[in-house]
Structure formats: structure tokens, C-alpha cells
**Q** 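Sharing a structure here in C-alpha cells format.
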Amino acid sequence: MNRHQKRTNRATVRPRLIWAGVLLAIAAMVVIGVGMIVASNWLIVAGVAALAIGLVDSWVGGIANDGRRGHAFGAEIDAIREGGEQPSPMTPDNQGSDV
């Protein structure tokens with residue numbers, strides 16, 4: 001495996017993992033807010049832990065490499081439904097293209 005292939009393998013985007021992490025982070029922020037309203041320390045701690053897990057989940061899924069433009073919302077939903085991995089548009093082959 002050459003250097004370019006290693007870079008491409010590291011820069012994969014997993015839409016299902018990204019969206020799961022984003023949704024978990026949003027839900028965690030709601031839990032933190034509810035915990036602050038009812039002054040419940042354990043609820044706040046659980047929300048912070050879930051927020052951290054959601055952020056890590058999105059980062060591992062490749063949210064930093066997901067820079068596609070021009071895709072319809074339906075195409076994104078199909079990518080999430082199919083799962084798997086997609087090459088990142090930020091790899092040297094694809095930089096600057098509006099795939």
C-alpha cells in the first residue's frame with residue numbers, strides 16, 4: 001500500500017456514524033439544559049458524557065473530512081441509509097472539485 005492509498009483510507013467519511021454522533025450531541029445538549037433547569041447534577045453529568053461521546057463519534061466518522069457541496073438532501077439520506085464508507089472529497093485527488 002503506497003502513501004496515497006494510506007491517506008485515502010484515513011480520509012473516509014461515514015455518514016451514518018456522523019449523523020448518529022450529531023444527533024446524540026444534540027440530544028445531550030437538551031439533557032444538559034433540562035438538568036440545569038431542574039438543578040440535577042447527575043443529569044448534567046450524564047448529558048456532558050453523552051455530548052462527549054457524540055462529538056467523538058462524529059469526529060471518528062469523518063465530520064472534519066465531509067466537505068461535499070452540491071449534493072441534494074435526498075442523496076445524503078440515501079448515503080446514510082446505505083451506510084458504509086465513502087471517499088472524502090478532501091483527498092488530494094478531489095480537492096477543489098464540486099463532485
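Residue indices begin at 1 and follow the sequence shown.
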**Q** Would you mind telling me which of Leu24, Val22, Leu17 makes a side-chain contact (heavy atoms from CB on, under 4.5 Å) with Ser58?
**A** Val22
**Q** How close do Ala28 and Gly47 get, counting heavy atoms only, and between which atoms?
**A** CB-O, 3.3 Å
**Q** Is Val45 linked to Val48 within one hydrophobic cluster, defined over Ile, Leu, Val, Met, Phe, Trp and Tyr using a side-chain heavy-atom separation of less than 4.5 Å?
**A** no
**Q** Is there a donor-acceptor pair closer than 3.5 Å between any side-chain N or O of Arg14 and the backbone N or O of Gly62?
**A** no
**Q** Tell me the closest heavy-atom pair linking Glu82 and Arg16, and the distance in Å.
**A** C-NH2, 3.6 Å
**Q** Any chance you could measure Ile44, atom CD1, to Leu51, atom CG, to the nearest 0.5 Å?
**A** 13.0 Å
**Q** Do Met29 and Leu43 belong to the same hydrophobic cluster, where Ile, Leu, Val, Met, Phe, Trp and Tyr are linked whenever their side-chain heavy atoms lie under 4.5 Å apart, directly or via other members?
**A** no
**Q** Could you tell me the separation between the CG atom of Asp57 and the CG atom of Leu23, rounded to the nearest 0.5 Å?
**A** 10.0 Å
**Q** Count I, L, V, M, F, W, Y as connected when their side-chain heavy atoms are under 4.5 Å apart, and connections chain through other members. Are Trp42 and Val38 then in the same cluster?
**A** yes
